[in-house]
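Written out below as structure tokens is the structure these notes cover.
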2 protein chains.
Amino acid sequence: MADSLNERSQNILEAIVEDYISSAEPVGSRAISRKHNLNLSPASVRNVMADLEEMGLLCSPHTSAGRIPTEKGFQYYIDTLLEVRDLNSNEKQNLRNSYRFQNMRMEDIMQEVGRVLSSLSQYTGLVMAPKFISTVFRQIEFIRLSRGRLLMIYVSETGLVQNKVIEADSSLTTSDLEYISNYLSSELNGLSIQEVRTKLSRELQEDRIHYDKLKKQALNLSCAALQDEIEDQIYVSGASLILGQPEFSTPEQMKRLVQAFESKKLLIELLDRGHSARGVQIFIGSESNQVDLEGCSLITSNFSNQKGAIGTLGVIGPIRMNYSQVVPIVDFTAQLVSRVLDREIGQD
Amino acid sequence: MADSLNERSQNILEAIVEDYISSAEPVGSRAISRKHNLNLSPASVRNVMADLEEMGLLCSPHTSAGRIPTEKGFQYYIDTLLEVRDLNSNEKQNLRNSYRFQNMRMEDIMQEVGRVLSSLSQYTGLVMAPKFISTVFRQIEFIRLSRGRLLMIYVSETGLVQNKVIEADSSLTTSDLEYISNYLSSELNGLSIQEVRTKLSRELQEDRIHYDKLKKQALNLSCAALQDEIEDQIYVSGASLILGQPEFSTPEQMKRLVQAFESKKLLIELLDRGHSARGVQIFIGSESNQVDLEGCSLITSNFSNQKGAIGTLGVIGPIRMNYSQVVPIVDFTAQLVSRVLDREIGQD
DNA sequence: ATTAGCACTCACCTCTGATGAGTGCTAATA
DNA sequence: TATTAGCACTCATCAGAGGTGAGTGCTAAT
């Protein structure tokens, strides 16, 4: 149905959306007929606007105000009218230069990505570090904390460090732990977590392993350590930028957003949505299904190195976001980060 | 000078401060003369109020409003009038029960502390994890990331894991690194970072070490890894709570605060102020010297285990904070966390 | 020394009318 | 038949006016 719009309607809708994106104010027929050289009188524009309103693509706050695009209007704009141009090589170079990735830990890289995303887009940057489950095993260490409690340190191929406290048999000596660490690290090196898990459970079932008590304990320990998920890490940058947007200028709106940004769980859930997709994804307004994020749109893209290690980055802003500007930034940044992660383990 | 206040003046100042703390509104003479049974008419109260205003302890937003305490007024209240009662054993038990510390990584503990602090105080909780410099060496690992780049993982006595990427001689093999890790871990175990540093620089100067090339490399590596500070970790919880306070209800104020909370550097600087002191410290308003935190007060206390590992926790709220309620919470929480950190490495 | 009394101040609320941007409808026009 | 000029109408926004009430400072009485 929405596709049945004729060209004039499309032009006018596009004009309204773009005017609204830059002004955040209801757009009147007069403004459209003048600024965009459509050679149409305000009256004609009004007629089309009335049609668009009937279709649910526009609405007006009150009788004597202009029109603003509805969520559905934005949806249509994004699906049909938005042309995302690629960055030219100059812009790409600028973007590359914005990032400082030298000698950074994974955490620092993620933080840096958030920082740049938010400062370039002037909205809020979100980054979710590669998920534990998507990483490739590199090394594992066990350190005794107190009787019966061990600290497990896991390092992935890309240098992502995650740790976890596990309960364990208190009879293990320090050298036992060292042996176990070495044994597991060499056994599991290069396997994906998925493969690690199947390997572990298979070996645990095999009988012969039972002859070597230490090896069995190694398997038990690593099961305890690696079987469960490890909480995703998420980075929010430039939260104050989105608060500067007029649609969130009331104290209530601000509190709501800050609350949402504080809830890592909510954000993880949000970013997980696009986690299997390739390329840039756009979630408009109520698609997020989060009351606290009402009025927000999210532009995300996944990044990953060649061995897996999938994370997600993106920008969250008002529905009235400058999609044509932000989408290429998110897109290219994801590519950039993917390449950086490869370099992390590469030989250059 | 401030101490020259007579008892009546003190009583009235106290009454005004406490009324203002609970109402956030200017306090009138009538309210004081009635609610607090001072047996004084409003007119008498007004006389005293005028004196207090002249001393700079009170001010009035305009002629026909009541009085509100100035920063100096709050300072006086805190220094002279505030009586901080200890929690009774019931309250202590409740507080203990609020915290869930089982099998938690240091990060989780810090986060949990922030969560509980903010939810109990209804202001914003701040926690700074034990500073790297104050920790006791437990173990160090080096993992090759790519040619010339190593990931260093440092684990402190309390299980604080910190990592860092360093550039290094690319000729080191995996087993070299393993040897180096083991050598350093056994050499440095139990030393404070301060001691580690002096030991390292002393050994590097000694000649005999130069015969063992690998040991020399070990020392070089650990110098590169441990000589610089590692960035402090800071946790902010319940930022939205402070935004609910009437003094920060305008959009500008909110944006300002959110910005301040986003700047880890600023917060670290703030918490560092009280870092050498013992017991609870209170920083009122402009004492923070941070324009972005204008109108805020900070209540902090350090925590530490018996071996060092000093961190700081606290609550940030409006100057009009409920000090008598929050101070004991911060105080007892710091004691609690200190004990938990000891248990981390203890034998129970 | 304390307090009752009183004039005074001023934020806050509500009501009012003016303004103007923008609309919908209708009739004239190309 | 599609477009547009014209016009009455709507309604948010703003400024000014008047009323209200909480609270003050001062003075004179207790």
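First the proteins, then the strands, lettered A, B, ... as listed; each starts at 1.
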Has the side chain of R30(B) got a donor or acceptor that lies under 3.5 Å from a partner of the other kind on the base of dG23(D)? no

Would you say [N] has OP1 or OP2 under 4.0 Å from some side-chain N or O of [X]?
| X | N | value |
| --- | --- | --- |
| R67(A) | dT23(C) | yes |
| S44(B) | dT3(C) | yes |
| S64(A) | dG22(C) | no |

Side chain of [X]: nearest nucleotide among [options]?
| X | options | value |
| --- | --- | --- |
| N47(B) | dT3(C), dA5(D), dA11(C) | dT3(C) |
| R46(B) | dA12(D), dT2(C), dT24(D) | dT24(D) |
| S29(B) | dT3(C), dT24(D), dC10(C) | dT24(D) |
| E53(B) | dG25(D), dT4(D), dA21(C) | dG25(D) |
| L40(A) | dC10(C), dT3(C), dT4(D) | dT4(D) |

Quick one: look up who [N] pairs with, Watson-Crick or G-U, both distances under 3.5 Å, and put none if it's unpaired.
| N | result |
| --- | --- |
| dT14(C) | dA17(D) |
| dC11(D) | dG20(C) |
| dT30(D) | dA1(C) |

Mind calculating the distance between CD (E54(A)) and P (dG24(C)) to the nearest angstrom? 11 Å

E25(B) atom CD is separated from dC12(C) atom C1', nearest whole Å, by 12 Å

Charged N-O contact under 4.0 Å between E91(A) and R85(A): yes

Counting only heavy atoms not in R30(A), do more than 12 sit closer than 6.0 Å to its CZ atom? no

Nearest-nucleotide 5' precedence on DNA chain C, A43(A) against P26(A): P26(A)

Identify whether any heavy atom of T63(B) sits under 4.0 Å from a base atom; if not, whether one sits that close to sugar-phosphate; answer base, sugar-phosphate or nothing. sugar-phosphate

Just checking, any donor-acceptor pair under 3.5 angstrom between side chains of Q10(A) and T80(A)? no

Least distance between heavy atoms, D272(B) atom then M128(B) atom: OD1-CE, 3.4 Å

For T124(A) and A239(A), work out which heavy atoms get closest and say how close. OG1-CA, 3.6 Å

